[in-house]
Amino acid sequence: MDIVELSRLQFAFTAMVHFLFVPLTLGLSILLAIMESVYVMTGKTIYRQMTKFWGKLFGINFALGVTTGIAMEFQFGTNWSYYSHYVGDIFGAPLAIEALMAFFLESTLVGLFFFGWDRLSKEKHLAVTWLMALATNMSALWILVANGWMQHPVGSELNLATMRMELTSFAEVLLNPVAQVKFVHTVSAGYVTGAIFVLAISSWYLLKGREIAFARRSFAIASAFGLASALSVIVLGDESGYELGDVQKVKLAAIEAEWQTHPAPAAFTLFGLPNEAEQHTDFAIRIPGVMGLIATRSLNTEVMGIRELKEEHRERIVNGQEAYALMQRLRSDEEREGDMARFEEVRSDLGYGLLLSAYSDDVANATTAEIDQAVEASIPKVWPLFWSFRAMVAAGFSMLLLFALAFWHSVRRQPEKSRWLLRFALFSLPLPWIACEAGWFVAEYGRQPWAIGEILPVHLAISSLTAEQVLFTLISIGVLYTTFVIIEMWLMQHFARKGPSGSGYLDDDAESDYPISTPAREA
């Protein structure tokens with residue numbers, strides 16, 4: 001593996017490990033606020049104990065999430081220095097706002113949440129908890145604004161004098177439709193993760209016959225919150241598909257293994273085996289019209305296929321060659337009359353010209369064979385995206401079914417009698433992480449070969465390091481992050497097994513304020 005592949009692997013590893021912690025932080029923060037709100041409104045002690053117990057697990061996860069996130073952001077300077085130089089004026093702004101306005105605020109409020117129980121009134125502590133949840137979500141917003149700009153760069157342009165992208169409209173960056181859809185979809189997925197986490201552990205207590213009142217209440221809140229969140233994820237996922245159809249046609253075509261443009265409306269491929277060699281999906285099971293509705297909101301608009309996209313990219317690469325040559329002349333003493341006007345016409349294709357630099361030392365005069373290589377590289381591999389997307393969708397609908405069943409049994413106030421449901425909930429614990437990781441893989445791998453969509457290819461974004469240096473940091477981070485994951489899992493299962501009683505968060509008064517009706521008690 002060369003330095004580009006090693007750098008990509010290192011960033012992918014750190015980002016995906018970091019995102020093991022993020023969705024649980026998002027979800028638990030809102031659930032804590034809901035639980036404490038019920039405590040303040042009803043005065044029932046058990047809700048205070050619920051907030052403190054689940055808050056302890058939130059704190060463990062938050063601390064390790066912060067630790068893994070720091071190293072990830074440093075990599076922009078260490079492993080992706082040209083990326084930082086080229087787009088730092090735009091990309092750095094939301095990251096700085098996230099650090100100053102969201103992360104520091106969030107950390108301060110987390111401290112108040114844990115140490116303010118006996119120092120603040122109930123109402124003031126509740127305000128702190130809701131502000132902590134809001135700050136957590138705002139932290140995610142600014143990160144996703146930055147990532148959304150990488151997917152769909154708006155509000156910026158290249159300065160030929162400095163050879164850097166410069167911000168032209170912060171409002172366009174903030175209101176980028178890709179960023180906004182990505183934000184609401186991601187935080188909703190986090191809410192589902194928090195709900196599954198509480199639901200699964202509560203189910204384990206009910207299966208063991210422990211802390212029945214505590215587990216029932218936690219189960220009920222998680223099932224209701226989770227059902228609403230799962231439905232919102234599906235609706236917002238549909239909106240995300242529409243945005244893909246509008247601005248990221250390559251990613252959409254790869255996700256669907258849409259090898260060629262078919263007459264509208266496009267069918268959704270439920271299952272199949274993508275065959276990249278023959279550009280065909282074997283054993284395909286398709287649902288007519290669905291893909292057209294998701295991607296275009298119509299039944300008469302085509303969804304462009306990979307073959308047609310390649311031909312479009314070929315034209316853009318040829319225009320990019322011309323843009324590259326014009327850029328070189330404009331930055332030298334060889335500028336001719338009309339060069340700037342022509343450059344403005346082909347400026348948007350400059351990134352495709354830069355894509356050629358991976359295959360040719362002379363971009364402006366690249367051969368047909370080199371252009372063919374760049375065309376092939378402009379489309380990510382189909383099968384990883386095809387299967388990752390379907391793993392995400394399958395996990396999502398499984399969780400929706402679980403929440404619907406759990407909510408129904410909670411309404412009947414006897415969830416512990418359906419032991420099959422409790423086992424279903426317990427063994428569903430990994431599902432939200434599978435869905436989240438698969439979703440981020442689709443988002444980032446589907447953007448290849450671009451570090452910044454259609455502007456900066458990945459191979460130009462790296463630092464001037466050796467493969468050995470990157471390999472050393474990759475191994476070091478791998479060992480460190482694996483240790484963090486092991487610590488997280490051990491601490492979580494340790495305190496979950498101890499339960500609220502073993503952790504000193506539950507007393508007899510808290511248990512007795514909930515009427516328990518079980519076969520054992522009735523006997």
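No hydrogens, no waters, no symmetry mates; every other heavy atom, side chains included, goes into these values.
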Aromatic plane relationship, W387 with F271 - under 30° parallel, 30 to 60° tilted, over 60° perpendicular: perpendicular
Salt bridge (charged side-chain N to carboxylate O under 4.0 Å, His left out) between E376 and K310, intermediate numbers included: CA-CA 7 Å; E376 290 300 319; K310 284 183 178 180; 3.0 Å; yes
Could you tell me if [Y] and [X] have a donor-acceptor pair between their side chains, going purely by distance under 3.5 Å?
X: S463; Y: N79; result: no
X: Y324; Y: D349; result: no
X: E444; Y: N147; result: yes

Side-chain donor or acceptor of H85 paired with backbone N/O of R164 under 3.5 Å: no
Check the surroundings of atom [atom1] in [X]: do more than 12 heavy atoms from other residues, nucleotides or ligands lie under 6.0 Å from it?
X: D282; atom1: CG; value: yes
X: M163; atom1: CE; value: yes
X: Y82; atom1: OH; value: yes

Charged N-O contact under 4.0 Å between R316 and E454: yes
Presence of salt bridge, R342 and E322, under 4.0 angstrom: yes
Option passing side chain to side chain contact (heavy atoms under 4.5 Å, CB included) with E468 (candidates L465, V470, L471, T466): T466
Spacing of CD belonging to E276 relative to CD1 belonging to I379, to within rounding of 0.5 Å: 10.5 Å
Atom pair CG/CE of L456 and M150 - distance to nearest 0.5 Å: 9.5 Å
Over-ring placement of R447 relative to Y445, 6.0 Å and 45° cut-offs: no
Given W142, F76, W80, the one that forms ring-ring contact (aromatic ring centres under 6.0 Å, His included) with F91: F76
